[in-house]
Amino acid sequence: MNVQQRVTQCLEAAINNNEAAGLTVLVRRNGQEVFYAESGYANKESSKPIRRDSIFRLYSQSKPITAAAVVLLAERGIIDLMDPIEKFLPGFRKQQVVTESGLVPAMRSATVLDMLGMTAGLSYPGEDAAGQYAARVFEENDKLIAAGGGMDTVTFCNRLGEQPVAFQPGSHFRYSTCADILGAVVEVASGKKFGDFLKEEIFEPLGMKDTDFYVPAEKMERFVTAYYRSENGVQPWLGRNLCVGVYDHMPAFQSGGAGLVSTLDDYAAFTQMLLNGGQYNGHRILSPAGVKFLTTPQLGWNQQFDVWDSLEGFSYGKLMRVCTEPGRYPGFACKDEYGWDGWLGTYFANLPNENLTILLMQNTTDAGTTTITRKVRNIILAALSNGEI
């Protein structure tokens, strides 16, 4: 049984166990495809099979693209990575920090670099005080979206900036709305809508024809149904999460942290550009220096303690994980590998020392790096060590 067959067998087992509704995997090495595998459904109710050109919701796998846009502007001298966010978004002026004794002024402004490392003190909606402040803004915008409108990217991010933060900027790591804020920064700094900037500077040059913040009517047939796991198997999920979930038109809020949709091959063009030192198919997107910066960890030893256990062996920086101690990861890993995943199970890893890319896409909520992802990784990296890849 070859590696493709082993991966396919693993995917089929996950589908049969109701771990996912549909799964696709693409492996590339040295700029060439090694194999593609698939199993399951784009829509289980109609028995529509998952396909290679199926369009998936990226959720947090949008973040590396946002980081690349920020680095691109830094290369052009348009932004300084030490620029305070308030330079672009006045809502961040005079920020306050939640403490046990009440709100206190922030000791310094959060910077672009803080946002790239998730060390700005921001929060996703959550149970603690800072998370509750953020939740109010998300709830406010969600009501507007439900009514057919919604705040635009800059307005929404200014409102988030007005909320108290969880800690002094730069003191800790917390996974949060930083990528959304950076999308607004790109919009203000470039003078273009965030989605237009991505399209002109990244998607069109790379040939990413199916990547955007919405799905046009003529492509809806390829858009997968999202599912959630239940006692009765996977069930269709039709909601919104983080003010993202309306895909039949361009949203007012173009979420740099969760908003993009894409296909396996579109995202492979982006990952190959990174492995190639910033260029792909005759188009240079980033400089080699920019790619090196983008794929280097930035957390200090104290911030590293805040990273969750599933990232053991990895540090974080520029909206991606970066492997620093592969022996501590619960599976096979390689030093300097980097990548990220999404809430609906999309995943990528670039292994620059092996010139290898692993891409996995699925359509099940609360997924991220799941058991099936780790199993597929182990099969592929074992095959790599055996000389099969």
Side-chain angles (χ1 to χ4, degrees), residues 11 14 19-26 38 40 42 50 54-69 118 124-125 138 175-180 182-183 194-195 198 202-203 208 210-215 222-229 234 237-247 251 253-271 274 307-308 310-311 314 316 318-322 337-350 357-374 376-377:
L11 300 184
E19 294 176 46
L23 290 156
T24 61
V25 172
L26 177 65
E38 65 182 33
I50 208 83
S54 292
I55 299 173
F56 293 84
R57 302 156 183 80
L58 291 181
Y59 268 89
S60 285
Q61 205 175 315
S62 305
K63 289 178 170 70
I65 292 174
T66 298
M118 295 282 183
Y124 274 128
F138 277 90
Y175 196 65
S176 65
T177 57
C178 287
D180 293 319
L182 287 173
F194 182 45
L198 294 181
I202 297 177
F203 301 155
M208 297 171 68
D210 293 322
T211 305
D212 211 328
F213 288 104
Y214 79 111
V215 182
R222 293 192 283 125
F223 191 38
V224 301
T225 300
Y227 291 86
Y228 68 94
R229 299 180 190 88
V234 292
W237 178 80
L238 304 173
R240 290 187 300 276
N241 186 31
L242 302 176
C243 292
V244 172
V246 177
Y247 295 100
F253 169 44
Q254 298 174 345
S255 169
L260 289 171
V261 300
S262 191
T263 63
L264 205 61
D265 284 299
D266 266 20
Y267 211 92
F270 177 73
T271 61
L274 296 178
V307 176
W308 48 90
S310 61
L311 279 181
F314 284 79
Y316 189 87
K318 293 76 177 188
L319 307 183
M320 290 189 284
R321 64 181 177 271
V322 186
E337 69 163 274
Y338 59 87
W340 202 239
D341 50 46
W343 179 65
L344 276 155
T346 62
Y347 174 94
F348 96 91
N350 267 0
T357 296
I358 301 170
L359 279 157
L360 183 150
M361 289 195 175
Q362 60 172 307
N363 51 344
T364 311
T365 65
D366 297 310
T369 304
T370 59
T371 294
I372 182 61
T373 308
R374 288 189 292 271
V376 167
R377 278 180 54 96

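Because only heavy atoms are used, hydrogens play no part in the values below, and waters and symmetry mates are left out as well, while side chains stay in.
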Enquirer: Stepwise, does the side chain to side chain donor-acceptor pair (under 3.5 Å) test hold for Thr346 with Gln61?
Expert: CA-CA 7 Å; Thr346 62; Gln61 205 175 315; 2.9 Å; yes
Enquirer: Is the shortest heavy-atom distance from the side chain of Tyr228 to the side chain of Val234 under 4.5 Å?
Expert: no
Enquirer: Would you check if Thr211 and Val261 make a side-chain contact, meaning some heavy-atom pair closer than 4.5 Å?
Expert: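 In short, these two side chains do not touch, never coming nearer than 4.5 Å.
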Enquirer: Kindly write out the residues that satisfy side chain to side chain donor-acceptor pair (under 3.5 Å) with Tyr247, not counting sequence neighbours, or none if the list is empty.
Expert: none
Enquirer: Which one of Val25, Ile50, Ile372 satisfies the side chain to side chain contact (heavy atoms under 4.5 Å, CB included) criterion with Gln362?
Expert: Ile372
Enquirer: For Tyr267, give me all partners under ring pair (Phe, Tyr, Trp, His ring centres under 6.0 Å), at least two apart in sequence or on another chain.
Expert: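 Ring pair (Phe, Tyr, Trp, His ring centres under 6.0 Å) list for Tyr267, sorted by chain: Phe270, Phe348.
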Enquirer: Between CZ of Phe253 and CZ of Phe138, what distance do you get to the nearest 0.5 Å?
Expert: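 CZ of Phe138 is found 6.0 Å from CZ of Phe253.
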Enquirer: May I ask you to check if Arg374 and Tyr347 form a cation-pi contact, with NZ or CZ under 6.0 angstrom from the six-membered ring centre and within 45° of the axis?
Expert: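 Not flagged: Arg374 not positioned over aromatic ring of Tyr347.
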Enquirer: If only atom types and distance count, is the side chain of Asn363 paired as donor or acceptor with the main-chain N or O of Gly22 below 3.5 Å?
Expert: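 Pair found, side chain donor or acceptor close to backbone of Gly22.
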Enquirer: Looking at Gly195, is its backbone amide N or carbonyl O close enough to the side chain of Gln254 to form a donor-acceptor pair, meaning the two atoms are under 3.5 Å apart?
Expert: yes
Enquirer: What is the minimum heavy-atom distance between Gly259 and Ser62, and which atoms define it?
Expert: N-OG, 3.5 Å
Enquirer: Kindly write out the residues that satisfy salt bridge (Lys or Arg N to Asp or Glu O under 4.0 Å) with Arg240, not counting sequence neighbours, or none if the list is empty.
Expert: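 Scan of Arg240 (salt bridge (Lys or Arg N to Asp or Glu O under 4.0 Å), adjacent residues dropped) gives Asp142.
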Enquirer: Tell me the closest heavy-atom pair linking Ala14 and Leu23, and the distance in Å.
Expert: CB-CD1, 3.9 Å
Enquirer: Can you tell if the side chain of Leu198 reaches within under 4.5 Å of the side chain of Ile65, non-hydrogen atoms only?
Expert: yes
Enquirer: Please list, chain by chain and in numerical order, all residues satisfying ring pair (Phe, Tyr, Trp, His ring centres under 6.0 Å) with Trp343, sequence neighbours excluded.
Expert: Tyr59, Trp237
Enquirer: Taking only residues two or more places apart in sequence, or in another chain, which ones meet Asp180 in a side chain to side chain donor-acceptor pair (under 3.5 Å)?
Expert: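 Once residues adjacent in sequence are excluded, the partners of Asp180 under the side chain to side chain donor-acceptor pair (under 3.5 Å) criterion are Ser255.
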Enquirer: Just so I know, are the side chains of Ile358 and Asn350 near enough to count as touching, which here means a heavy-atom distance under 4.5 Å?
Expert: no
Enquirer: Quick one, Thr373 with Asp341, criterion side chain to side chain contact (heavy atoms under 4.5 Å, CB included). Give me CA distance, side-chain angles, the key distance, then yes/no.
Expert: CA-CA 10 Å; Thr373 308; Asp341 50 46; over 6 Å; no
Enquirer: Tell me, please, which residues at least two apart from Phe314 pass ring pair (Phe, Tyr, Trp, His ring centres under 6.0 Å).
Expert: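 Checked Phe314 against ring pair (Phe, Tyr, Trp, His ring centres under 6.0 Å); matches are Tyr329.
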Enquirer: State the CG-CG distance between Asn241 and Leu344, to the nearest 0.5 angstrom.
Expert: 8.0 Å
Enquirer: Do Leu242 and Tyr124 have side chains that get closer than 4.5 Å, going by heavy atoms?
Expert: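 In contact.
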Enquirer: For the pair Asp266 (side chain) and Asp210 (backbone), establish whether a donor and an acceptor sit closer than 3.5 Å, ignoring hydrogens and angles.
Expert: yes
Enquirer: Less than 4.5 Å apart, any side-chain heavy atom of Thr357 and any of Leu359?
Expert: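 In short, these two side chains touch, coming nearer than 4.5 Å.
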Enquirer: Between Arg57 and Val224 (side chain of the first, backbone of the second, donor and acceptor by atom type, cut-off under 3.5 Å), is there such a pair?
Expert: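 Judged by distance alone, yes, a pair lies under 3.5 Å.
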Enquirer: Quick check for you: to the nearest 0.5 Å, what is the distance between Leu264 atom CG and Met361 atom CE?
Expert: 5.5 Å
Enquirer: When rounded to the nearest 0.5 angstrom, what is the spacing between OH in Tyr338 and CG in Leu319?
Expert: 14.0 Å
Enquirer: Answer whether the closest heavy-atom distance between the side chains of Glu337 and Arg377 falls below 4.5 Å.
Expert: yes
Enquirer: Which distance, rounded to the nearest 0.5 Å, do you find between the CD of Glu19 and the CG of Leu11?
Expert: 10.5 Å
Enquirer: I need the minimum non-hydrogen distance between Thr370 and Arg229, along with the two atoms involved.
Expert: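 For Thr370 versus Arg229, the nearest heavy atoms are CG2-NH2, 4.1 Å.
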Enquirer: Does Ala367 offer a backbone N or O that forms a donor-acceptor pair with the side chain of Thr364 under 3.5 Å?
Expert: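 No; zero donor-acceptor contacts below 3.5 Å.
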Enquirer: Could you verify whether a donor N or O on one side chain and an acceptor N or O on the other, from Thr66 and Lys63, lie under 3.5 Å apart?
Expert: no
Enquirer: Find the distance between SG (Cys178) and CE (Met118) and round it off to the nearest 0.5 Å.
Expert: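 CE of Met118 is found 5.0 Å from SG of Cys178.
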Enquirer: Would you call the rings of Trp340 and Tyr316 parallel, tilted or perpendicular if under 30° counts as parallel and over 60° as perpendicular?
Expert: perpendicular
Enquirer: Does a side-chain heavy-atom distance below 4.5 Å link Ser60 with Tyr175?
Expert: yes
